[in-house]
Amino acid sequence: MNTERSEHLFEQAKKSIPGGVNSPVRAFKAVGGNPLFISRAEGPYVFDEDGNRFIELINSWGPMVLGHNHPEVREAVIKAMEKGTSFGAPTAMEVEIAELIVNMVPSVEKVRMVNSGTEATMSAIRVARGYTGKEKFIKFEGNYHGHGDSFLIAAGSGAVTMGNPDSPGVTRGTAKDTLLAPYNDLDKVRLLVEANRDEIAAIILEPVAGNMGCVLPEPGFLEGLRKICDNEGIVLIFDEVMTGFRLAPGGAQELLGVTPDITTMGKIIGGGMPVGAYGGRKEIMEYVSPQGPVYQAGTLSGNPIAMAAGLAMLKHLSQNPAVYTRLENTGKTLVGGIQSTLERLGLPYTINALGSMYSLFFTDQKVRNFQDAQTCDTALFGQYFNSMLKQGIYLAPSQYESLFLSTALEQEHLDKILDANEVALKKL
Ligand SMILES: *Cc1c(COP(=O)(O)O)cnc(C)c1O
């Protein structure tokens, strides 16, 4: 595989961009090698600057659930462009997309558009604090909620009541209000709630985790959190930036039947444009300015081009329930195929999957939280990743990511992925 141009661009990029990339996960640091510079994408394929074509299972880290460059989204953007790129004033399209989101997502009665998932979660925590008058919140180890200061808190030393900053630049003052629990551990949550009675504004989590690899909530976990929140006057926030509009039209909350108070959204909601949103129960969302006292704003929020892309995407998803059956079947075929290869080769690795999300973990343990995920052999994953890449299959360049399937994958693509997978696994 010739990657000369990508290599050259990366050298050049490193001179003017920190690490050569505008978001760290793109850098291939976890798997060895240099990132590919992508020139275009179509359906299940991306094409790099050297003209190599890959079937890829990243789909822009989630948004491209209909495959790349979907004609309905593309046409909507081109049409919107002709009318101007930004007005800084309300538009009819914002009303339309808000109503659509309210109709699709069970917990959402009112919704505010922002520009990224990070903004959505930051704002959701602020509103939960404003609404409850409390300051602390609980997050789960290995769950990612964007790069807001208060979310960049790692597991660390098993601190029961206090988080440690995960990144230089996050102050201890900020970190002390973030409480940590292992995913799927209701007992730990109960302990935290008892130790911080009447101080906890919110519990935030990925209802199906995708940022420590794909990790499913165990039966009763989400229901248990719902109950704790109801009993203690805590706002339950589902971060559905990844799962929203993917696992079902109404996200994980629809699929799993547990309704949070606030939902954060991103990725698919913008059809590939930078969009996020947070929404929830009316009485909570009415705390948001200018209706209420909790300030939150955005010069380009609800941008007409971004809304056109998002609206085209959400319309397609709400009007075509067959999308979800197809994603489900694609997931079953692919994951089933990988599973039977593992069995045939006698390999002990673990697969977690739900619908169009899955991760192959290079560990023989069950993965139900971040600690389990960290038992993975990441060097082995790096070898697997690079072997797949050489065979034209582009996976997320980290063990700790979920892969995303799209409706653009046909049987021929799945066959290619499975063949490459068998070759790659045999070589490890
Ligand atoms: C991607 C992601 C975010 C952050 O969204 P950005 O648009 O990258 O800021 C937040 N939460 C979850 C669950 C995500 O997967």
Side-chain angles (χ1 to χ4, degrees), residues 21-27 57-65 105 107 112-126 128 137-154 166-167 178 183 202-217 222 225 236-247 251-253 255-256 260 262-280 296 298 300-303 306 309-310 313 352 354-359 369-370 373 396-398 400-405:
V21 293
N22 278 316
S23 195
V25 287
R26 297 177 194 168
L57 301 183
I58 305 176
N59 281 297
S60 190
W61 304 88
M64 317 319 292
V65 68
V105 186
S107 65
R112 169 62 61 81
M113 306 306 296
V114 293
N115 303 292
S116 67
T118 293
E119 273 186 65
T121 54
M122 280 167 38
S123 308
I125 286 290
R126 187 182 303 143
F137 70 91
I138 297 177
K139 87 173 272 290
F140 293 90
E141 294 161 9
N143 276 197
Y144 179 67
H145 303 296
H147 66 89
D149 281 4
S150 60
F151 299 112
L152 290 182
I153 316 294
D166 197 15
S167 162
T178 303
Y183 201 71
I203 296 178
I204 185 169
L205 78 158
E206 297 178 56
V208 173
N211 287 293
M212 49 179 158
C214 178
V215 177
L216 309 194
L222 299 178
L225 293 175
L236 181 61
I237 305 173
F238 278 7
D239 181 355
E240 296 230 37
V241 170
M242 192 178 270
T243 52
F245 312 106
R246 172 168 288 281
L247 294 180
Q253 59 195 271
L255 186 73
L256 303 175
I262 299 181
T263 301
T264 55
M265 294 158 273
K267 299 193 170 124
I268 290 175
I269 202 174
M273 299 295 273
V275 179
Y278 64 105
Q296 187 273 308
L300 292 173
S301 293
N303 171 272
M313 174 66 87
N352 286 354
L354 187 63
S356 58
M357 294 168 64
Y358 83 91
S359 293
N369 60 33
F370 190 45
S398 163
Y400 302 112
E401 300 289 348
S402 176
L403 297 176
F404 297 113
L405 309 178

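Numbers for residues simply follow the sequence, beginning at 1. Just follow the structure's listing: the first ligand is 1, and inside any ligand the first atom is 1. All values derive from a computational prediction rather than experimental measurement.
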Considering both backbone and side-chain atoms of [X], is one of its nitrogen or oxygen atoms within less than 3.5 Å of a nitrogen or oxygen in ligand 1?
{"X": "Glu206", "result": "no"}
{"X": "His145", "result": "no"}
{"X": "Gly117", "result": "yes"}

#### Entry: Residues Leu300, Asn115; criterion side-chain contact (heavy atoms from CB on, under 4.5 Å); working and verdict
CA-CA 7 Å; Leu300 292 173; Asn115 303 292; 4.1 Å; yes

### Over all atoms of both residues, closest heavy-atom pair of Glu401 and Asn211
OE1-OD1, 4.1 Å

### Summary
Scanning both residues in full, the closest heavy-atom pair of Pro63 with Gly272 reads CB-N, 4.1 Å

### Task
Could you tell me whether the side chains of Asp239 and Thr121 share a donor-acceptor contact shorter than 3.5 Å?
no

Give the residue and atom name of whichever protein heavy atom lies nearest to [atom], and the separation in Å to one decimal.
{"atom": "atom 3 (C) of ligand 1", "result": "Val241 CG1, 3.7 Å"}
{"atom": "atom 11 (N) of ligand 1", "result": "Asp239 OD2, 2.6 Å"}
{"atom": "atom 14 (C) of ligand 1", "result": "Lys267 NZ, 2.9 Å"}
{"atom": "atom 9 (O) of ligand 1", "result": "Thr118 OG1, 2.6 Å"}

### Task
Report the C-alpha separation of Val275 and Met113 in whole Å, then their side-chain angles, then the decisive distance to 0.1 Å, and conclude whether the side-chain contact (heavy atoms from CB on, under 4.5 Å) test is met.
CA-CA 7 Å; Val275 179; Met113 306 306 296; 3.5 Å; yes

### Task
Under 4.0 Å, heavy atoms only, figure out whether ligand 1 is touched by the backbone of Asn143, its side chain, both or neither.
neither

Which of the numbered atoms in ligand 1 are under 4.0 angstrom from any heavy atom belonging to [X]?
{"X": "Met242", "result": "15 (O)"}
{"X": "Ser116", "result": "7 (O), 9 (O)"}
{"X": "Gly146", "result": "3 (C), 4 (C), 10 (C)"}

### Task
Before giving the answer on ring pair (Phe, Tyr, Trp, His ring centres under 6.0 Å), spell out for Phe151 and Phe137 the whole-Å C-alpha distance, their side-chain angles and the decisive distance to 0.1 Å.
CA-CA 10 Å; Phe151 299 112; Phe137 70 91; 5.5 Å; yes

### Message
Between Gln296 and Tyr278, does the side-chain contact (heavy atoms from CB on, under 4.5 Å) criterion hold? Intermediate values first, please.
### Response
CA-CA 11 Å; Gln296 187 273 308; Tyr278 64 105; 2.8 Å; yes

### Query
Would Ile237 and Ile125 count as a side-chain contact (heavy atoms from CB on, under 4.5 Å) if you check the C-alpha gap in whole Å, the side-chain angles of each, and the deciding distance to 0.1 Å?
CA-CA 8 Å; Ile237 305 173; Ile125 286 290; 3.9 Å; yes

